[in-house]
Protein chains: 2
Amino acid sequence: MKITYKGDYALKTILDLAGHFGSAPVAINDLSKRLDIPTKFLEQILLDLKRAGFVESRRGKIGGYSLAKEPAKITLGEVVRFIDGPIGPIACVDKQYSGCHDVESCVFRNIWSQVGNSISKIIDQVTFEDLLKRTNKANKTFNYQI
Amino acid sequence: MKITYKGDYALKTILDLAGHFGSAPVAINDLSKRLDIPTKFLEQILLDLKRAGFVESRRGKIGGYSLAKEPAKITLGEVVRFIDGPIGPIACVDKQYSGCHDVESCVFRNIWSQVGNSISKIIDQVTFEDLLKRTNKANKTFNYQI
DNA sequence: TGTATACTCTACTAACATAGTAGAGATTAT
DNA sequence: ATAATCTCTACTATGTTAGTAGAGTATACA
Ligand code: FES
Ligand code: FES
């Protein structure tokens, strides 16, 4: 697994939208400024996320994006997989990989499988509600220290 | 973490050399044929592995490569890190990553860190002796079934 | 109805990484 | 000597990433 900029941006964007869940939609421009993501790049990312059903949009004057489901119903893993592809550390765990012939007797494949599973166990379990709570807590702590 | 062809080839090569540990050096050509790796590519990989101290070489007529340490003293993690770089799923866990500003308060960083640790726990623990044993066992089982 | 605002869609591009290939050179056993 | 084998540097084709560009569509509101 490798988290690209696109993936990183997508996650940060969804977390931001999670923070506005239930309120008015948020404009790309606001997200772009707040999260420091190139506007035109973010446009594309949001379109992808919309097509996948993670977010929904509203056009026109008071338009913008909002989360399509409750933050508790979106996991980190879903988003990562959608944007950055399968979790496995090598293609042979997920699909064809021309370096692998003896798939049956290969001792490495088993390891890569274990690695994939242990990653999944982490990211498929944490939702954006969890992350939201942690953010709030982090900010509170931060304010207290000042 | 992403295992590239180069990394995959390196691991398979070292495992092969582990199987010949203590015996005569193995020629690149033999490895190349047996493991189905492009010869000139394998040359480069073996030079890298040599410079890193994983293997040693002998030139001339009966030359070839052999493992520089006991199979039990080389872990999967060492080789993977050397060939394919750091384990973390995102650069910010290992080094500078321009998408990350608020490193202190970022809720994702903690997750990526967990992911990295859980990968490390697997690959830093398994040695090529372990893999060798498993290969032998796999082959025995295979023969038995025939 | 006009217009500003905001999302939609397709195409293009620069930079980098990957997976090799090519070829000349150095060492060693016989 | 010479054949076999490792050594080293440079080159290249392909794909991926991280954007940019620009024209088009929908909506609120005066
Ligand atoms: S690494 Fe894919 S089967 Fe061995
Ligand atoms: S993802 Fe790097 S600090 Fe948040």
Side-chain angles (χ1 to χ4, degrees), chain A residues 1-13 17 24-33 35-52 54-66 68 80 83-86 89-91 95-100, chain B residues 1-13 17 24-33 35-52 54-66 68 80 83-86 89-92 95 97-100:
Chain A
M1 178 183 51
K2 195 195 154 202
I3 310 289
T4 62
Y5 273 83
K6 191 176 177 186
D8 181 35
Y9 292 161
L11 295 173
K12 286 170 177 165
T13 300
L17 293 180
V26 184
I28 293 181
N29 234 294
D30 293 350
L31 290 165
S32 160
K33 274 178 200 149
L35 305 174
D36 192 34
I37 301 172
T39 310
K40 296 296 279 181
F41 195 18
L42 185 54
E43 278 184 12
Q44 289 182 38
I45 296 170
L46 280 164
L47 278 178
D48 285 348
L49 292 174
K50 183 187 175 182
R51 291 186 187 118
F54 292 112
V55 303
E56 52 195 21
S57 64
R58 195 194 159 83
R59 295 214 247 194
K61 195 118 183 187
I62 60 161
Y65 279 92
S66 41
V80 169
I83 299 284
D84 285 331
I90 191 172
K95 50 185 180 179
Q96 199 58 30
Y97 176 80
S98 69
C100 300
Chain B
M1 178 182 51
K2 195 194 153 201
I3 310 289
T4 63
Y5 273 82
K6 191 175 177 187
D8 181 36
Y9 292 161
L11 295 173
K12 285 170 177 166
T13 300
L17 293 179
V26 185
I28 294 181
N29 234 293
D30 293 351
L31 290 165
S32 160
K33 275 177 199 148
L35 305 174
D36 192 34
I37 302 171
T39 310
K40 296 297 278 180
F41 196 18
L42 184 55
E43 279 184 12
Q44 289 181 40
I45 296 170
L46 279 165
L47 278 177
D48 284 348
L49 291 175
K50 183 187 174 183
R51 291 186 187 119
F54 292 112
V55 302
E56 51 197 21
S57 65
R58 194 193 159 85
R59 296 213 245 192
K61 195 115 184 190
I62 59 163
Y65 279 91
S66 41
V80 169
I83 299 285
D84 284 331
I90 190 172
C92 87
K95 50 185 179 178
Y97 176 80
S98 68
C100 300

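Protein chains get the first letters and strands the later ones, always in sequence-line order, with residue 1 at the start of each. The structure displayed is predicted, hence computed values, not measured ones.
Residue A:Ile37 contributes atom CD1, which lies 16 Å from atom C1' of D:dT17 at whole-angstrom precision. Distance B:Leu42 CG to D:dC6 P: 9 Å, rounded to the nearest Å. Atom NZ in B:Lys2 sits roughly 12 Å away from atom C1' in D:dT17 (whole-Å rounding). Rounded to whole angstrom, the span from the CG atom of B:Asp84 across to the C1' atom of C:dT18 amounts to 10 Å. One can place CG of A:Asp30 at 13 Å from C1' of C:dC7, the figure rounded to the nearest angstrom. Atom NZ of A:Lys40 is separated from atom P of D:dG24 by 13 Å (rounded to the nearest Å). Rounded to an integer number of Å, the gap from CD of B:Glu43 to C1' of D:dC8 is 10 Å. The CD-P distance, from A:Gln44 to C:dT10, rounds to 11 Å in whole Å.
You'll find the side chain of A:Tyr65 reaches within 4.5 Å of the side chain of A:Leu47, heavy atoms only. Between B:Leu42 and B:Leu35 the shortest side-chain heavy-atom distance does not fall below 4.5 Å.
Side-chain atoms of B:Ser32 come within 3.5 Å of backbone atoms of B:Ile37 as a donor-acceptor pair (strictly under, hydrogens ignored). Side-chain atoms of B:Lys95 do not come within 3.5 Å of backbone N or O of B:Pro86 as any donor-acceptor pair.
When heavy atoms are screened at a 4.0 angstrom cut-off, B:Leu46 is found touching no nucleic acid atom at all. Nucleic acid contact for A:Tyr5: sugar-phosphate only, since backbone atoms but no base atoms lie under 4.0 Å from a heavy atom of the residue. Heavy atoms of B:Val26 sit under 4.0 angstrom from primed sugar atoms or phosphate atoms, though from no base atom.
For residues 56-64 of chain B, proximity to DNA chain C is found at B:Arg58, B:Arg59, B:Gly60, B:Lys61, B:Ile62, defined as any non-hydrogen atom under 4.0 angstrom from a strand atom.
Taking the six-membered ring for Trp and thresholds of 30 and 60 degrees, A:Phe41 and A:Tyr9 have ring planes more than 60 degrees apart, a perpendicular arrangement.
Close to C:dA6, at under 4.0 Å from its OP1 or OP2, lies no side-chain N or O of A:Tyr65. Proximity of B:Thr4 to the phosphate of C:dA17: no side-chain N or O atom is located under 4.0 Å from OP1 or OP2. Between A:Arg51 and C:dT8, a side-chain N or O to OP1/OP2 separation shorter than 4.0 Å is absent. Taking only side-chain nitrogens and oxygens, B:Lys50 comes nearer than 4.0 Å to OP1 or OP2 of D:dT7.
Residue side chain B:Lys6 does not reach the base of C:dG20 through any donor-acceptor N/O pair under 3.5 Å, judged by distance alone.
Taking NZ of A:Lys2 as the start and OG1 of A:Thr4 as the end, the distance is 7.0 Å to the nearest 0.5 Å. In this structure, A:Lys6 NZ and A:Asp8 CG are separated by 13.0 Å, a value rounded to the nearest 0.5 Å.
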